[in-house]
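Below, each value reflects all heavy atoms present in this structure, side chains not excepted, and no hydrogens, waters or symmetry copies.
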Amino acid sequence: MAVDFHNVSSTIGFIILITSLGLFVNFSLTVFALFKKRWKFLKITESVEEGGLKHPHLLFGNLRELPPTEELRTMDFIHRNRSCENITRMWFGPFECVIIMISPEYVRLALANADTKETSFHHYLQSWLGDGLLFSGGAKWKRHRRLLTAGFHFEILRPYTDLFVESTRVFLDKLDQTKGEYIDVFNFVSLLALDSLLKCSCSYESNCQINEDNSYIKSVYTLIELFSDRLRFIPYYIDFVFRHSPMGRKYNSHCKIVHNHADAAIRERRAQLQRMEKGGSVDRKGKYVDFLDLLLKATDEDGHGLTDLEIRQEVDNFMFAGHDTTTSAISWCLYDLGRHPDYQQQCRQEIDDLLKDRGTDHLNWDDLKKLPFTTMCIKESLRIHPPVPSYARTLIKDVTLPDGLVLPQGTTVAVAPHITHLHPTYWKDPDVFDPSRFTLENSRDRHSHAFFPFSAGPRNCIGQHFAMNEVKIAIALTLRRFQFSPDPDRPPIMLHRIVLRTLKGLYLRFTPRVP
């Protein structure tokens, strides 16, 4: 049978033509949509304070106006936006505009009308964290939030106090071995926070503060470091490039280690619970309900629980969200008290008075309410050095601001505790460390969103009481045992990463108290 090559070539040519036209139309519609989006936000931001930034460049937005180094960009972000009263904006390239809320009332409106958290972090962390509470949205987030809220009830948190004390004692013993040398306290506190989290999340006695040669511990640290490294290298923003890079392959291999460890822990605990239901005995050291117990037992109104995959994702989210933030909070609080020896001594005296007749340094749950001045110092440190300096949300509906500006649904808004907390309009002498700001009298008339280190609104931090209890115990027991001061020759240089960190460490010297 003869083949009519003329008709075949004509057909192929027609297919190529139609495909090319389709691609051209799709490309044209995409470009049109992007420029329409740019025009819309140019109109919206006409009345928005520029915060010292110029009209956005057609290609680069405001990116070319930023300082060249990460540490200078951090300081520029804080000081430039403090010149704005309510709201400002920042263009990331030609089409992405982020509206930055500054005044407490604007922050309140943003957090009250936002659902899904920023998607870029979620996208880059998808292979590790999945769709856990930290980044999920809509009905799934609401269901998981209801199921997990019971895990942070005061009766559940109460026995964790002993775990925090136990981990802190190991931390203090390690400080004792530094022999009064200046150390980067971030590294020590990071292992303390990880030790406590592993005990509370899944009763895992990792001994990580002493033995850092643990595959799970190493993988958690490696994943956090690789995630931060990816954000600093623009070509890795493209999934295909990152996935096939040495860094991407390393990231995926450590994801498997972390997932395999969590999966094994879930299988083992589920088997334990099944044996308990049948009246069998379980050889388990802990006598408290940990996070994994709650996840396995949690059911909704229809009697449905979480799948093993969902449980693993929530455990991974708990570790990710609770580790670096608590590390940052404790480390900066130690630094702030180290810079102010008078306040440090007042806190120490408060703790000495509380424990003076006991013959032990053990703090219990009820003690945490009896440290008012220490708590004020912690809050003041969280004001000046908030663990999460800024974050973004997506508006789920149109929001009308007090000045009449309407932000449409889908707008990306950023809130920045590190700006609002240090803004001279809302805080007198904002750079001065003054714990008296948090007396009941001084706090009474303050706007509810002038101070929000744990976020606010419906998506506030579910673990904020867990975190505050851990910070209080770590600070109190450190004060009880040591005097400490910062290295005058190595002042910290702040960096805005996911959490507030430093460029070259946070150096303190710990000297044992003389009896």
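Contact annotation: the side chain of Y335 never approaches that of Y507 to less than 4.5 Å [non-hydrogen atoms, C-beta and beyond]. Inter-residue side-chain proximity for F164 and C200 is flagged as met; some heavy-atom pair is nearer than 4.5 Å. By the 4.5 Å heavy-atom criterion applied to side chains, L191 and F171 are not counted as neighbours. Inter-residue side-chain proximity for P387 and L500 is flagged as unmet; no heavy-atom pair is nearer than 4.5 Å. Residues H447 and Y426 have side chains not in contact (no heavy-atom distance under 4.5 Å, counting atoms from C-beta outward). Using a 4.5 Å heavy-atom cutoff, the side chains of W427 and R383 are in contact. Side-chain contact between L363 and L354: present, with at least one pair of heavy atoms (C-beta onward) separated by less than 4.5 Å. Looking at heavy atoms from C-beta onward, T394 lies out of side-chain contact with T411 at the 4.5 angstrom threshold.
Taking every heavy atom of both residues into account, A450 and T420 meet most closely at O-CG2, 4.0 Å. The two residues C461 and Q464 come nearest to each other via the heavy atoms O-NE2, 3.2 Å. Considering every non-hydrogen atom in both A321 and T325, the closest pair reads O-OG1, 2.6 Å. For the pair T161 and I473, the tightest heavy-atom approach, listed with the atom from each and the gap, is CG2-CD1, 3.5 Å. R437 and D429 get closest at one heavy-atom pair: NH2-O, 2.7 Å. Looking at every heavy atom in both residues, G151 comes nearest to L294 through CA-CD1, 3.2 Å.
With no hydrogens or angles considered, a side-chain donor-acceptor pair links S455 and R393 at under 3.5 Å. Inspection of the S167 and Q209 side chains reveals no N or O donor paired with an N or O acceptor under 3.5 Å. Checking D367 against H362 by side-chain atom types alone, no donor-acceptor pair falls below 3.5 Å. Side-chain contact, N187 with S190: no donor N or O sits under 3.5 Å from an acceptor N or O. For the residue pair S328/H385, the side-chain donor-acceptor check at 3.5 Å is not satisfied.
The aromatic rings of H421 and F452 lie perpendicular to each other, with more than 60° between the two planes, well past the 30° mark. Ring geometry, H496 versus H418: the interplanar angle falls from 30° to 60°, so the pair is classed tilted. The aromatic rings of W332 and F186 sit perpendicular to each other, their planes meeting at more than 60°, with 30° as the lower class boundary.
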Which pairs of donor and acceptor atoms, one on a side chain in residues 397-407, lie under 3.5 Å apart (sequence neighbours left out)?
residue	atom	partner	partner atom	Å
K397	NZ	N113	OD1	3.4
D398	OD1	Q409	N	2.7
D403	OD1	L405	N	3.0
D403	OD2	Y106	OH	3.4

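Using modelled atom types, no side-chain atom of S196 and backbone atom of A193 make a donor-acceptor pair closer than 3.5 Å. Put simply, the side chain of N469 never gets that close to the backbone of L368: no donor and acceptor are under 3.5 Å apart. One N or O on the side chain of E310 and one on the backbone of T307 form a donor-acceptor pair closer than 3.5 Å. Using modelled atom types, one side-chain atom of H340 and one backbone atom of D336 make a donor-acceptor pair closer than 3.5 Å. Side chain of Q346 to backbone of F373: no donor-acceptor contact under 3.5 angstrom is found. In this structure a side-chain-to-backbone donor-acceptor pair under 3.5 Å is present from S201 to L197.
Note that OG1 of T502 and CD1 of I493 are 8.5 Å apart. Values are rounded to the nearest 0.5 Å. To the nearest 0.5 Å, the span separating CD on Q344 from SG on C377 amounts to 10.0 Å. Taking NE2 of H323 as the start and CG of L198 as the end, the distance is 8.5 Å to the nearest 0.5 Å. Separating the CG atom in L508 from the CG atom in L506 is a distance of 5.5 Å, to the nearest 0.5 Å. To the nearest 0.5 Å, atoms OG1 (T374) and CD (Q349) are separated by 11.0 Å. Separation of atoms CD (Q313) and CG (D316) is listed at 8.0 Å; rounding is to 0.5 Å.
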Taking it one step at a time, do E85 and S103 satisfy side chain to side chain donor-acceptor pair (under 3.5 Å)? CA-CA 6 Å; E85 286 292 321; S103 77; over 6 Å; no

Stepwise side-chain contact (heavy atoms from CB on, under 4.5 Å) test for N442 and T439: CA-CA 5 Å; N442 290 337; T439 63; 3.2 Å; yes

Given the rule in the salt bridge (charged side-chain N to carboxylate O under 4.0 Å, His left out) test, do D195 and K199 qualify, once you have shown the distances and angles that lead to the verdict? CA-CA 6 Å; D195 191 14; K199 289 173 181 174; 3.6 Å; yes

Check step by step if side-chain contact (heavy atoms from CB on, under 4.5 Å) holds for M90 and F77. CA-CA 10 Å; M90 173 76 184; F77 179 77; over 6 Å; no

Steps toward ring pair (Phe, Tyr, Trp, His ring centres under 6.0 Å) verdict (H465, F152): CA-CA 8 Å; H465 295 297; F152 296 93; 9.5 Å; no

Applying salt bridge (charged side-chain N to carboxylate O under 4.0 Å, His left out), run through R82 and D431 and close with a yes or a no. CA-CA 12 Å; R82 283 169 67 172; D431 296 310; 3.2 Å; yes

Please determine whether side-chain contact (heavy atoms from CB on, under 4.5 Å) holds for the pair T299 and H304, giving the CA-CA distance in whole Å, both sets of side-chain angles, and the decisive distance to 0.1 Å. CA-CA 5 Å; T299 56; H304 299 140; over 6 Å; no

Any chance you could lay out the side-chain contact (heavy atoms from CB on, under 4.5 Å) test for F320 and V220, step after step, and finish with the verdict? CA-CA 8 Å; F320 175 78; V220 169; over 6 Å; no

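Y251 has its ring centre no less than 6.0 Å from the ring centre of W128. When ring centroids are compared, F466 and F454 stay outside the 6.0 Å threshold. Ring centroid separation for the pair F451 and F438 comes in under the 6.0 Å cut-off.
The side-chain tip of R89 does not point at the ring of F41 from less than 6.0 angstrom away and within 45° of straight on. R38 forms a cation-pi arrangement with W91, by the criterion of a distance under 6.0 Å to the ring centre and an angle within 45° of the ring axis.
Scanning for side chain to side chain donor-acceptor pair (under 3.5 Å) contacts around Y204 gives N214, with sequence neighbours left out. Here E105 pairs with R108 under the salt bridge (charged side-chain N to carboxylate O under 4.0 Å, His left out) rule; sequence neighbours left out.
Counting heavy atoms of neighbouring residues, nucleotides and ligands inside a 6.0 Å radius, atom CD of E441 does not exceed 12 of them. The environment of NZ in K140 is crowded: more than 12 heavy-atom neighbours from other residues, nucleotides or ligands sit within 6.0 Å.
With salt bridges taken as basic N to acidic carboxylate O contacts below 4.0 Å, one links E301 and R146. With respect to the salt-bridge test (charged N to carboxylate O, under 4.0 angstrom), the residues D290 and R269 qualify.
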